[in-house]
Amino acid sequence: NKFDDWLINYKLSPEYELAKKAELYIADPADLHKGLSGKEEQFMSNFAEQIPVVGKGIKASERGYVGYLNKLRADVFKNGAELLAKEGKTFESHPAEYKALADFVNSSTGRGKMHKALEDAAPILNATLFSPRLMASRINLLNPRYYHKMPPSVRVMALKDMGKFIGFGVTILTMAKLMGADVETDP
C-alpha cells in the first residue's frame, strides 16, 4: 500500500511531469500497457510469483526493490533539477541538461540506455543475459566519452557523484585491508 500511495502521489506532483519530460525512468509494475517492460530487469518474469507460499515473499521483495529505486531516482533527480533551477535553467530553456541529468540518474541506478537497435529487443536480451540495461549503465559510467557528452553543469554533478562513490569504495577497502582482510589492489 505504501508503494502504491507513493507512486500515486508522485504521479500527481509537478516533479513527476518534469521527470517524465526529462525521461527519468520510474517503474510501474501495475501499468498494463508496458507489460514486463514496466518492471525492473531483475524481476522481468512473473513465474516466481506463482510459487505457492514463497510467491508472496517474492512479490513483496520486488515491490520493496522497485519502490526503493523509484524513490531514489526521484529524489536524486529532484536534487539535481533544483541545482539547475538555481542556475536559472528550466526544462523549456535547457532541455538537454535535464535529459542528461535524468540519463545519469538512470545509469547510476542500473537503467542504462542501450543502442536504439537493442532497445526493442531488451526483453529478449533480458531472457538470455542478466540485466542488459545494468550492463549498459556500467559501460556508460566507465566510459569517459559518456561524461564528455554531458552539458558542463550536469557533468560536474555526475563527476562529483562518481568521485564520492569511488572514494567510498576505496575507504571501505582500505579499512578492510587495515583490519587484516585480503584485499585486491589491482583494478
Side-chain angles (χ1 to χ4, degrees), residues 6-7 9-29 31 33-44 62 65-126 129-169:
W6 180 87
L7 192 56
N9 289 328
Y10 184 62
K11 285 184 173 185
L12 296 173
S13 73
E15 289 94 11
Y16 180 74
E17 276 305 309
L18 177 60
K20 288 317 283 178
K21 285 193 276 187
E23 300 174 19
L24 181 70
Y25 181 76
I26 299 293
D28 185 357
D31 189 344
H33 296 83
K34 290 182 182 176
L36 289 177
S37 67
K39 299 174 142 249
E40 290 295 335
E41 286 181 321
Q42 290 80 354
F43 293 93
M44 285 300 278
E62 176 189 8
Y65 180 76
V66 171
Y68 171 75
L69 276 179
N70 280 349
K71 178 89 168 86
L72 178 68
R73 287 181 184 127
D75 289 349
V76 172
F77 179 78
K78 181 181 175 187
N79 290 340
E82 287 172 354
L83 290 173
L84 291 174
K86 283 181 185 175
E87 295 175 7
K89 298 173 181 177
T90 64
F91 182 82
E92 288 70 28
S93 66
H94 294 82
E97 296 198 28
Y98 282 86
K99 287 185 177 203
L101 173 63
D103 184 58
F104 175 70
V105 171
N106 288 340
S107 283
S108 62
T109 57
R111 190 82 185 178
K113 269 189 186 172
M114 295 191 298
H115 190 274
K116 290 192 184 275
L118 297 175
E119 201 64 42
D120 293 334
I124 296 166
L125 287 172
N126 197 51
L129 303 170
F130 177 74
S131 299
R133 290 185 199 281
L134 177 64
M135 287 184 222
S137 75
R138 297 310 171 239
I139 291 168
N140 288 343
L141 294 175
L142 292 171
N143 184 356
R145 290 187 67 219
Y146 176 73
Y147 299 97
H148 181 72
K149 290 180 181 179
M150 290 179 178
S153 57
V154 177
R155 183 183 314 130
V156 168
M157 285 186 245
L159 290 174
K160 281 182 182 177
D161 278 355
M162 285 307 294
K164 290 175 191 175
F165 174 73
I166 291 167
F168 178 74

Student check: side-chain heavy atoms of I26 and L24 closer than 4.5 Å: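 Yes, at least one pair of side-chain atoms sits under 4.5 Å.
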
Within-4.5 Å side-chain heavy-atom neighbours: M150 and L159: no

Any chance you could measure [X], atom [atom1], to [Y], atom [atom2], to the nearest 0.5 Å?
{"X": "T90", "Y": "L18", "atom1": "OG1", "atom2": "CG", "value": "9.5 Å"}
{"X": "T109", "Y": "F77", "atom1": "OG1", "atom2": "CZ", "value": "12.5 Å"}
{"X": "E23", "Y": "N106", "atom1": "CD", "atom2": "CG", "value": "9.0 Å"}
{"X": "S13", "Y": "K78", "atom1": "OG", "atom2": "NZ", "value": "8.0 Å"}
{"X": "K89", "Y": "L83", "atom1": "NZ", "atom2": "CG", "value": "10.5 Å"}
{"X": "N79", "Y": "D75", "atom1": "CG", "atom2": "CG", "value": "6.5 Å"}

Heavy-atom closest contact ([X] atom, [Y] atom, distance):
{"X": "L101", "Y": "M157", "answer": "CD1-SD, 4.3 Å"}
{"X": "G112", "Y": "S107", "answer": "CA-OG, 3.7 Å"}
{"X": "P151", "Y": "A96", "answer": "CG-O, 4.0 Å"}
{"X": "F104", "Y": "Y146", "answer": "CA-OH, 3.3 Å"}
{"X": "G110", "Y": "S137", "answer": "CA-OG, 3.5 Å"}
{"X": "A102", "Y": "A22", "answer": "CB-O, 3.1 Å"}

Residues V105, R111; criterion side-chain contact (heavy atoms from CB on, under 4.5 Å); working and verdict: CA-CA 8 Å; V105 171; R111 190 82 185 178; over 6 Å; no

Ion pair check, E15 and K20, cut-off under 4.0 Å: no

D103/K99 salt bridge by N-O under 4.0 Å criterion: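 The answer is no: the pair does not qualify as a salt bridge.
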
More than 12 heavy atoms of other groups within 6.0 Å of K21 NZ: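 Yes, NZ of K21 has more than 12 neighbouring heavy atoms, counting only those of other groups under 6.0 Å.
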
Lys/Arg cation over aromatic Y147: R155, 6.0 Å, 45° cone: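 No; the conditions do not both hold, so R155 does not lie above the ring face of Y147.
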
